[in-house]
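Data block below; observations after.
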2 protein chains.
Amino acid sequence: MTATSGLRADAARNRRLLLDAAAAEFAEHGADVSISRIAARAGIGKGTVFRHFATKERLLAAVFNDRIEDLIATGRRLLEAADPRAALLEFMVAGAGLRIGDRSLCQSAASIARTEADVRDATLRLAEVAEALTARARETRAVRADVTGHDIVLLVGAVSQATAPLGDAVPGLWRRYLHLMFAGLDPSVETPLPVPPPVPADFAP
Amino acid sequence: MTATSGLRADAARNRRLLLDAAAAEFAEHGADVSISRIAARAGIGKGTVFRHFATKERLLAAVFNDRIEDLIATGRRLLEAADPRAALLEFMVAGAGLRIGDRSLCQSAASIARTEADVRDATLRLAEVAEALTARARETRAVRADVTGHDIVLLVGAVSQATAPLGDAVPGLWRRYLHLMFAGLDPSVETPLPVPPPVPADFAP
DNA sequence: CTTTAAGCGGACCGGACGGTCAGGTTAGGT
DNA sequence: ACCTAACCTGACCGTCCGGTCCGCTTAAAG
């Protein structure tokens with residue numbers, strides 16, 4: 001998680017309260033919630049927020065990082081699974097589910113990654129895990145040969161972003177589209193795909 | 001387009017300038033650009049903007065409506081095309097291309113539709129066209145039987161939203177994912193799809 | 001040309017936001 | 001018990017935004 005060592009007891013406690021409140025508030029209302037609101041929810045003063053995170057972006061980055069790290073852990077665990085195809089699908093479901101439940105993740109992940117080095121790093125590590133899972137699925141002919149890890153991450157982002165606004169009203173809608181997309185990865189329909197120039201390493205839709 | 005009758009000559013001219021500037025500015029910088037910026041680009045005063053559109057949302061709605069109307073026209077024309085499969089794909093390409101080139105369309109289409117009646121109407125008419133095109137494709141077995149017009153609109157939105165932030169850096173990336181998605185619609189892989197409760201008629205991701 | 005109402009524009013307002021700071025508070029070592 | 005540095009706080013600042021308003025301009029009818 002996030003470093004709390006070397007902090008005074010009250011500071012460490014406030015940091016926890018702050019991170020929890022921020023995560024909840026970002027998830028419910030998106031990345032545009034005001035710092036004051038978050039501070040109020042955490043039950044601390046506004047100034048305290050800026051003592052822990054110099055800028056709003058850094059706070060966002062910290063919350064993002066925790067979530068991404070969780071997903072990376074899930075991906076790593078799934079690398080040991082027996083069925084590569086099921087593992088890849090489960091990874092995609094996990095990723096989409098994470099984003100569906102968090103409005104902020106569906107917005108500015110990309111722009112934050114561009115300015116905050118740690119988010120960028122986590123994103124790159126996530127990409128590696130996605131590529132590893134995809135490679136396993138490719139080798140067993142579970143998905144078409146020209147599908148990459150980048151494709152997976154991007155497609156999961158696509159489904160999440162599109163269905164998130166309806167996510168509350170139509171529960172499970174995103175699962176439909178995730179499965180529809182997964183069907184498109186099937187090797188039985190090997191229609192040629194346009195191959196664009198390589199994606200810059202810092203993607204994160 | 002937008003009504004200009006009954007206006008004084010200068011008013012009509014300014015309205016054109018305003019709509020053009022707003023469309024360009026929204027497309028380039030998203031729906032969050034300030035009214036002052038748009039006014040400056042149009043070469044008119046800020047107050048004049050509010051004379052023509054009482055609120056920022058109404059201006060956004062007017063710009064949106066023009067674009068959506070264009071897409072509806074394209075869809076209607078494609079209903080006459082010989083090959084239903086190619087027609088549907090072309091419709092999807094048109095929709096995605098429209099959104100890729102316009103940052104604002106990838107953001108708040110849904111929220112605007114919720115508050116502005118005219119956008120809501122246009123969106124519904126667009127949905128009808130999408131459904132008609134999809135029905136034709138379904139009848140000729142060009143796509144799987146359980147795909148709806150809503151699916152098409154939502155999937156196009158998904159691809160657009162996910163690739164738009166990279167759209168400038170990696171041209172043509174969205175085409176790759178649109179084709180990948182289209183492969184998923186192929187009837188050859190008729191894996192069962194989760195069927196969520198019906199989507200509320202006002203969708204527009 | 002005169003008249004008049006429609007149109008124009010930019011100073012202005014209220015409010016929200018991110019971020020700062022001076023002054024009070026407290027944890028925790030000695 | 002005491003001291004000090006770390007910490008907390010909320011009033012405050014500058015900025016920007018959407019929206020209003022009123023004095024000036026101008027199209028265009030008679």
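Throughout, protein chains are lettered first and strands after them, A, B, ... in sequence-line order, and every chain is numbered starting at 1.
- Of the candidate nucleotides D/dC8, C/dG18, C/dG7, C/dG7 has the atom nearest to the side chain of B/Ala11.
- Proximity of B/Asn14 to the phosphate of C/dG7: no side-chain N or O atom is located under 4.0 Å from OP1 or OP2.
- In terms of the side chain to side chain contact (heavy atoms under 4.5 Å, CB included) criterion, residue partners of A/Leu98 (sequence neighbours excluded) are, by chain and number, A/Arg67, A/Leu71, A/Leu105.
- Atom CG in A/Leu60 sits roughly 11 Å away from atom P in C/dG19 (whole-Å rounding).
- Only B/Ile44, listed by number, bring a heavy atom of residues 26-44 of chain B to less than 4.0 angstrom from any atom of DNA chain C.
- Every side chain to side chain contact (heavy atoms under 4.5 Å, CB included) that B/Glu57 has, sequence neighbours left out, goes to B/Thr55, B/Ile112, B/Thr115, B/Glu116.
- The separation between A/Leu18 atom CG and D/dT9 atom P is 11 Å, rounded to whole Å.
- A search for side chain to side chain contact (heavy atoms under 4.5 Å, CB included) contacts involving A/Ala183 returns B/Arg144, B/Thr191, not counting sequence neighbours.
- The side chain of B/His52 contributes an N or O atom lying less than 4.0 Å from OP1 or OP2 of C/dC8.
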Determine all donor-acceptor pairs shorter than 3.5 Å in which one atom belongs to a side chain in residues 7-14 of chain B; sequence neighbours excluded.
{"unit_1": "B/Arg8", "atom_1": "NE", "unit_2": "B/Asp10", "atom_2": "OD1", "d": "3.2"}
{"unit_1": "B/Arg8", "atom_1": "NH2", "unit_2": "B/Asp10", "atom_2": "OD2", "d": "2.9"}

Are there any protein N/O atoms within less than 3.5 Å of an N/O atom in nucleotides 28-30 of chain C, and if so, which ones and at what distance?
{"unit_1": "C/dG28", "atom_1": "OP1", "unit_2": "A/Ala9", "atom_2": "N", "d": "2.9"}

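- Partners of B/Asp20 according to the salt bridge (Lys or Arg N to Asp or Glu O under 4.0 Å) rule, which considers only residues two or more places apart in sequence or in another chain, are B/Arg16.
- Residues passing the salt bridge (Lys or Arg N to Asp or Glu O under 4.0 Å) test with B/Arg76: none are found, sequence neighbours excluded.
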Any N/O pairs under 3.5 Å between the protein and nucleotides 12-14 of chain C? List them or say none.
none

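- Residues that satisfy the salt bridge (Lys or Arg N to Asp or Glu O under 4.0 Å) test with A/Arg37, not counting sequence neighbours, are A/Glu25.
- Shown here are the side chain to side chain contact (heavy atoms under 4.5 Å, CB included) partners of A/Asp151, two or more places apart in sequence or in another chain: A/Val147, A/Thr148, B/Arg176, B/Tyr177.
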(request) Walk me through it: do B/Arg138 and B/Glu131 pass the test salt bridge (charged side-chain N to carboxylate O under 4.0 Å, His left out)? (result) CA-CA 10 Å; B/Arg138 269 197 313 257; B/Glu131 174 53 34; 2.9 Å; yes

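- Residues meeting the salt bridge (Lys or Arg N to Asp or Glu O under 4.0 Å) test with A/Glu28, sequence neighbours left out: A/Arg41.
- Taking only side-chain nitrogens and oxygens, A/Thr55 comes nearer than 4.0 Å to OP1 or OP2 of C/dG19.
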